[in-house]
Protein chains: 2
Amino acid sequence: MSHTLGIRQAQKQKTRQALLDAALGLLEEQSLSSLGLREVTRAVGVAPTAFYRHFRSTADLGVALVEEALGSLHPMIEDTVSAAGDSDERITRAVDLIARHVERYPAHVRFIARERHGGVQPVRDAIREQLARFAEEVKVALAEHPESEGWNDEDLLMLAGLYVDHMLMAASAFLEALEAPEAERERVARTASRQMRLISIGRHHWLG
Amino acid sequence: MSHTLGIRQAQKQKTRQALLDAALGLLEEQSLSSLGLREVTRAVGVAPTAFYRHFRSTADLGVALVEEALGSLHPMIEDTVSAAGDSDERITRAVDLIARHVERYPAHVRFIARERHGGVQPVRDAIREQLARFAEEVKVALAEHPESEGWNDEDLLMLAGLYVDHMLMAASAFLEALEAPEAERERVARTASRQMRLISIGRHHWLG
DNA sequence: CCATGCAGTTAACAACTGTTCTCTGTAATT
DNA sequence: AATTACAGAGAACAGTTGTTAACTGCATGG
């Protein structure tokens with residue numbers, strides 16, 4: 001199925017990934033719109049001109065980073081929302097998954113939170129598109145819950161959007177508390193869980 | 001009461017405001033971390049070195065912009081949350097106020113949304129502090145509603161935080177739809193209202 | 001009325017940026 | 001084995017950046 005890459009292509013992808021990794025690291029302390037291409041190549045240890053073999057511009061690299069950060073997240077979303085158990089169990093599980101994801105990929109999460117409203121339009125667009133896909137997937141998953149009986153499509157999507165937005169707010173809150181003491185991080189988790197639970201309660205009493 | 005400023009101080013404040021205005025304009029298409037001080041002074045028409053008479057750095061200017069954008073917003077928050085009427089009326093009024101605010105001060109709103117998670121720490125901190133103040137004020141206002149009977153302080157604050165976050169999400173959504181046709185903007189308003197209503201319903205059924 | 005303070009100017013600096021063109025080595029193709 | 005394709009290097013470009021220093025003119029306070 002998957003064609004084994006030649007030495008040539010393999011090395012190219014390696015450099016490309018090194019550029020992405022270096023950029024992600026540099027972006028922990030600045031925004032994409034201030035990231036210079038020379039800065040990135042310097043961090044990797046290649047000539048500035050090598051950058052052009054992989055990306056047209058830093059904006060282009062940013063779009064690639066969006067794919068890397070969000071593209072592989074769909075399965076996780078899927079089985080978070082469609083998991084078994086009652087609402088409270090699902091919420092606990094979801095918040096826990098978010099927390100673990102932030103711990104494992106803090107730079108990715110920071111990048112998304114930062115560039116969602118950032119200064120580079122193509123990147124904003126790419127993030128918006130991915131989040132819209134998430135919302136759509138969440139909507140489909142929600143529709144299969146028995147609680148969704150009588151809900152129309154528009155309201156399901158508005159609820160899904162609320163969940164996705166809150167997921168990001170929670171991730172961002174975890175990120176800010178990453179270096180904080182355990183007690184603070186647990187407080188963040190408690191708050192996020194309760195907010196999700198309140199939304200969930202609103203969902204159950206939406207009709208009638 | 002207010003001491004009339006001398007010609008000298010008045011001119012200084014005028015230049016300072018011009019710098020703030022020019023920066024805010026430039027920040028519509030980039031992030032603060034890529035805003036150069038020369039860029040700002042060039043837009044105003046003063047020498048680059050004049051910048052230092054007013055701000056230590058662009059980060060410092062950013063903090064001043066946070067005050068300008070959020071500092072004067074407290075009264076509006078206050079009377080939105082504590083207004084008379086049942087929940088639905090309050091929600092309609094709040095969403096309408098947000099929409100009007102975004103139309104009147106789009107650059108301010110964009111700046112806050114962008115820099116809340118942006119690349120400049122002092123600015124992030126300033127925004128976080130202001131939003132925490134908002135949440136505290138909303139909490140106090142909520143506590144006076146009859147619906148808040150039996151609520152403890154922690155839960156009131158978590159609800160207030162949810163409202164504040166959603167207020168910002170709504171503002172950001174309005175911002176993205178600013179140039180869109182009326183139909184789209186109305187759709188955004190509908191979604192924001194319904195999401196707030198769902199939260200409000202969750203609030204009413206939170207206990208027991 | 002004169003001396004001081006200070007907003008804003010001018011000039012210069014070393015360092016940095018994105019981009020172009022030319023070149024090199026080597027993997028891939030024939 | 002000879003040829004081609006192409007990832008990356010190297011050098012040079014015009015333009016930009018933040019910051020320093022010494023200055024000028026004028027409103028202010030004595």
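Remember, it's a predicted structure, so these values are computed and weren't measured experimentally. Letters A, B, ... are given to chains in the order of the sequence lines, protein chains preceding strands, and every chain is numbered from 1.
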Response to the item:
To the nearest angstrom, the CZ-C1' distance between B:Phe55 and C:dG8 comes to 15 Å
Discussion item. If I take atom CZ in residue A:Phe51 and atom P in nucleotide C:dT19, what distance separates them, rounded to the nearest angstrom?
Written reply: 9 Å
Worksheet item: CZ of A:Arg38 versus C1' of D:dG10: gap in Å, rounded?
Response: 11 Å
Worksheet entry | Side chain of A:Thr49 - closest among D:dG8, C:dC21, C:dT9 | C:dC21
Discussion item. For the CE atom of A:Met158 and the CZ atom of B:Arg190, what is their distance to the nearest 0.5 Å?
Written reply: 10.0 Å
Practice prompt. Compare side-chain N and O positions of A:Arg42 against OP1 and OP2 of C:dC16 and report whether any pair is under 4.0 Å apart.
Written response: no
Item to complete: May I have the distance from A:Lys12 (atom NZ) to C:dA28 (atom P), rounded to whole angstrom?
Response: 13 Å
Discussion item. Whole angstroms only, please: what is the CG-C1' distance between A:Asp60 and C:dG18?
Written reply: 15 Å
Worksheet item: When the distance from OH of A:Tyr52 to P of C:dG18 is rounded to whole Å, what number comes out?
Response: 7 Å
Worksheet entry | Distance test, side-chain N/O of A:Thr15 to OP1/OP2 of D:dA7, below 4.0 Å | no
Worksheet item: Can you tell me how far CD of A:Glu28 sits from CZ of A:Phe111, rounded to the nearest 0.5 angstrom?
Response: 12.0 Å
Worksheet item: Heavy-atom distance under 4.5 Å between the side chains of A:Lys139 and A:Leu159, does that happen here?
Response: no
Item to complete: Figure out the CG/P separation between B:Leu35 and D:dT17, and round it to whole Å.
Response: 10 Å
Discussion item. I want to verify a distance call: between C:dA7, D:dG8, D:dT17, whose nearest atom is closest to the B:Glu39 side chain?
Written reply: D:dT17
Fill in: From B:Gln195 atom CD to A:Leu162 atom CG, the distance as rounded to the nearest 0.5 Å
4.5 Å
Worksheet item: When the distance from CG of A:Leu19 to C1' of D:dA7 is rounded to whole Å, what number comes out?
Response: 12 Å
Practice prompt. Could you tell me whether the side chains of B:Ser31 and A:Arg114 share a donor-acceptor contact shorter than 3.5 Å?
Written response: no
Fill in: Cationic tip of A:Arg197 above B:Trp206 ring, under 6.0 Å, 45° of axis
yes
Worksheet entry | Side-chain H-bond candidate by donor/acceptor type, B:His117 with A:Ser172, under 3.5 Å | yes
What's touching nucleotides 28-30 of chain D from the protein side, N or O pairs under 3.5 Å?
unit_1	atom_1	unit_2	atom_2	d
D:dT28	OP1	B:Ile7	N	2.6
D:dT28	OP1	B:Arg8	N	3.3

Worksheet item: Choosing from D:dG8, D:dT17, C:dT9, which nucleotide comes nearest the side chain of A:Arg53?
Response: D:dG8
Discussion item. Quick check on DNA chain C: between B:Ala47 and A:Leu37, whose nearest nucleotide comes earlier from the 5' end?
Written reply: B:Ala47
Discussion item. Quick check on DNA chain D: between B:Ser57 and A:His54, whose nearest nucleotide comes earlier from the 5' end?
Written reply: A:His54
